[in-house]
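Order of listing sets the numbers, starting from 1, for every ligand and every atom in it.
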Amino acid sequence: MNRIFSGMQPTRLLHLGNYLGALRNWVALQDQYECIFCVVDLHALTLPQDAPTLTKNIRAVAAAYIAAGIDPDRNLIYNQSAVSGHSELAWIFSCHTPMGWLNRMTQFKEKAGKQKDMAALGLYAYPVLMAADILLYKATHVPVGEDQKQHLELARDIAGAFNRFYEKDVFPLPEPQILGEATRVMSLRDGTKKMSKSDESDYSRINLTDDADAIALKIRKAKTDPEPLPATLEELAKRAEADNLVTIYAALENISKQDALSRHAGATFSAFKADLCDLAVAKLSPITDKMNQLLGDPAELDRILRKGADKANEIAARTMAEVKDIVGLLRP
Ligand code: TYM
């Protein structure tokens, strides 16, 4: 059986990178797979959070999933902390994961900054929790952006190590699904940096909550170079910011990068940016409107999350019973 698991952290607001790199692909995949889409709130705790803002953001991420087109009646949508199996399985996995594997994780090195000794244990152990998220449901496929590739390789290593240690085929080795043209959307201010929730400049990203004026301003201010757009992808690849904007255009329009470039070859940036802005507003504003509408009824969102958590818990409880028996933990 093929089952998808994926999730997003409710840290700050979702941005265009989250949408084009992951969420949009989820919407297409829900027709082919049984899907579990989680708001990974325990992951958010790996960096300091303001409690009321975190609660708000958990609902906002759930609202974004639904607004983007995930049907809560056909897929499970819930928040991670509502299913205790995630933390339990993460502990068991952490006892089977050599620290050397975690030492290789580049995201820890980036997020921990210079003072590694002061970074939280949770930030270091984060990829183990991520492996538990996926394997708790024995998910076979995980649609994510390119930045999660290394974490998914670790999840496969952990699954393999567990299966070998207990000599049982308990967990599948989950396959990453890194799909579409925009697997790594870059900052609007610096084409060499990933678009990220944690960038201090809000001009570096388009948030799913931005209105048409904010989107227009951010695209207008996006860093570019003085030359018109080239005709070939080889030329484009030498210009990081231009490349990023064409990638975003292609992904939003659902065409190849080559087609997006052919449409605009020779155009000045002011003309291309005007087109990109119209496209971004046309594609994103229905999502923003729907999100705002959903956030107006938090009780209904909570009901959806509760229903999702109850169903997720049924699957999780089965895996945890199996794992506890295999490991030798008594279930009195
Ligand atoms: P997070 O919350 O940082 O991002 C959510 C999803 O968005 C993708 N993404 C991007 N894609 C393209 N360009 C970008 N600039 C960009 N920024 C983010 C991410 O690849 C991701 O798919 N560790 C995960 C959350 C997680 C998870 C999981 C994912 C926890 N457990 C289990 C899958 C399965 C994360 O921090 O994603």
Side-chain angles (χ1 to χ4, degrees), residues 3-27 29 35-47 49 54 57-58 60-62 64-65 68 78-81 83 85-87 89-90 93 105-108 110-111 122-123 125-156 158-159 174-199 204-208 243-244 247-248 251-252 312:
R3 180 182 279 158
I4 275 182
F5 180 95
S6 200
M8 300 207 178
Q9 294 196 59
T11 40
R12 305 218 195 155
L13 307 163
L14 294 189
H15 54 67
L16 190 63
N18 300 130
Y19 178 63
L20 295 178
L23 187 49
R24 205 180 57 135
N25 297 328
W26 300 0
V27 176
L29 291 164
C35 296
I36 303 177
F37 296 121
C38 185
V39 182
V40 290
D41 50 6
L42 295 173
H43 276 91
L45 296 180
T46 56
L47 291 174
Q49 301 293 328
L54 177 61
N57 286 345
I58 294 168
V61 171
Y65 289 1
Y78 72 101
N79 59 314
Q80 187 184 27
S81 62
V83 177
H86 290 261
S87 318
L89 188 58
F93 281 166
M105 296 295 114
T106 51
Q107 207 170 74
F108 173 75
E110 284 160 22
K111 289 197 176 175
L123 187 65
Y126 168 120
V128 180
L129 178 59
M130 181 160 159
D133 297 341
I134 300 163
L135 298 171
L136 185 59
Y137 303 97
K138 301 192 180 186
T140 51
H141 293 80
V142 187
V144 284
E146 200 189 270
D147 60 343
Q148 297 302 316
K149 207 169 157 195
Q150 196 185 35
H151 290 157
L152 276 169
E153 277 159 16
L154 186 82
R156 290 168 63 90
I158 292 176
E175 292 283 341
Q177 291 177 307
I178 299 174
L179 305 168
E181 290 287 3
T183 56
R184 189 175 175 83
V185 177
M186 308 308 276
S187 156
L188 299 180
R189 307 300 295 161
D190 177 350
T192 63
K193 264 173 49 185
K194 192 181 71 169
M195 184 178 284
S196 146
K197 297 183 197 111
S198 55
D199 195 315
S204 68
R205 60 184 163 259
I206 293 174
N207 302 307
L208 289 189
D243 194 331
N244 188 38
T247 302
I248 291 173
L252 282 170

For this session: May I ask whether K197 places a heavy atom under 4.0 Å from ligand 1?
Result: yes
Exercise. With only distance considered, is H151 within less than 3.5 Å of ligand 1 through an N or O on each side?
Worked result: no
Exercise. Under 4.0 Å from any heavy atom of T183, which atoms of ligand 1 are there?
Worked result: 11 (N), 12 (C), 13 (N)
Seminar exercise, completed: Of all protein heavy atoms, the one nearest atom 25 (C) of ligand 1 is G7 O, 3.6 Å
Problem set entry | Residues D147, K194: salt bridge by 4.0 Å N-O rule | yes
Problem set entry | Test item: L152 and I134 side chains (from C-beta on) under 4.5 Å apart, heavy atoms | yes
Problem set entry | Which residue and heavy atom of the protein sit nearest atom 28 (C) of ligand 1, plus the separation | M130 CG, 3.4 Å
For this session: Could you see which bit of H15 sits under 4.0 Å from ligand 1, with heavy atoms only: side chain, backbone, both or neither?
Result: side chain
Exercise. Which heavy atom of the protein is the closest neighbour of atom 37 (O) of ligand 1, given with residue, atom name and distance?
Worked result: Q148 NE2, 3.7 Å
Exercise. Angle class for the W26/Y65 ring planes (parallel below 30°, perpendicular above 60°, tilted otherwise)?
Worked result: perpendicular
Exercise. Can you tell which of T247, I134, V185, I178 gets a heavy atom nearest to atom 13 (N) of ligand 1?
Worked result: V185
Problem set entry | Nearest candidate to atom 20 (O) of ligand 1, where distance is taken over non-hydrogen atoms, out of V144, T46, D199, D147 | D147
Problem set entry | Per-atom contacts of ligand 1 with V142, taking only distances under 4.0 Å to non-hydrogen atoms | 33 (C), 34 (C)
Seminar exercise, completed: Check: of Y126, F5, F37, min heavy-atom distance to atom 35 (C) of ligand 1 comes from Y126
For this session: Classify the contact between R184 and ligand 1 as side chain, backbone, both or neither, using a heavy-atom distance cut-off of under 4.0 Å.
Result: backbone
Exercise. Can you name the nearest heavy-atom pair linking L136 to G85, along with the distance?
Worked result: CD2-C, 3.6 Å
Exercise. Yes or no on side chain to side chain contact (heavy atoms under 4.5 Å, CB included) for T11 and N57, after CA distance, side-chain angles and deciding distance?
Worked result: CA-CA 7 Å; T11 40; N57 286 345; 5.9 Å; no
Exercise. Nearest to atom 22 (O) of ligand 1, what protein heavy atom do you find, and at what distance?
Worked result: G145 N, 3.1 Å
Problem set entry | Heavy-atom nearest option to atom 10 (C) of ligand 1, drawn from G17, G21, P127, P10 | G17
For this session: Mark up the atoms of ligand 1 that fall under 4.0 Å of a heavy atom belonging to A22, in ascending order.
Result: 6 (C), 7 (O), 22 (O)
For this session: Taking all non-hydrogen atoms of both residues into account, name the closest pair between P10 and L54 and its distance.
Result: O-CD1, 3.8 Å
For this session: Return the minimal non-hydrogen interatomic distance between K197 and R205, and the atom names on each side.
Result: O-NH1, 3.4 Å
Seminar exercise, completed: Quick note on ligand 1: atoms under 4.0 Å from a heavy atom of Q9 include exactly 2 (O), 35 (C), 36 (O)
Seminar exercise, completed: The answer for which part of L20 has a heavy atom under 4.0 Å from ligand 1 is neither
Exercise. Going by the order shown, which atoms of ligand 1 are within less than 4.0 Å of some heavy atom of K194?
Worked result: 15 (N)
For this session: Please write down residue, atom name and distance for the protein heavy atom closest to atom 7 (O) of ligand 1.
Result: N18 ND2, 3.1 Å
For this session: Return a yes/no value for M195: is any of its N or O atoms, backbone included, closer than 3.5 angstrom to an N or O of ligand 1?
Result: yes
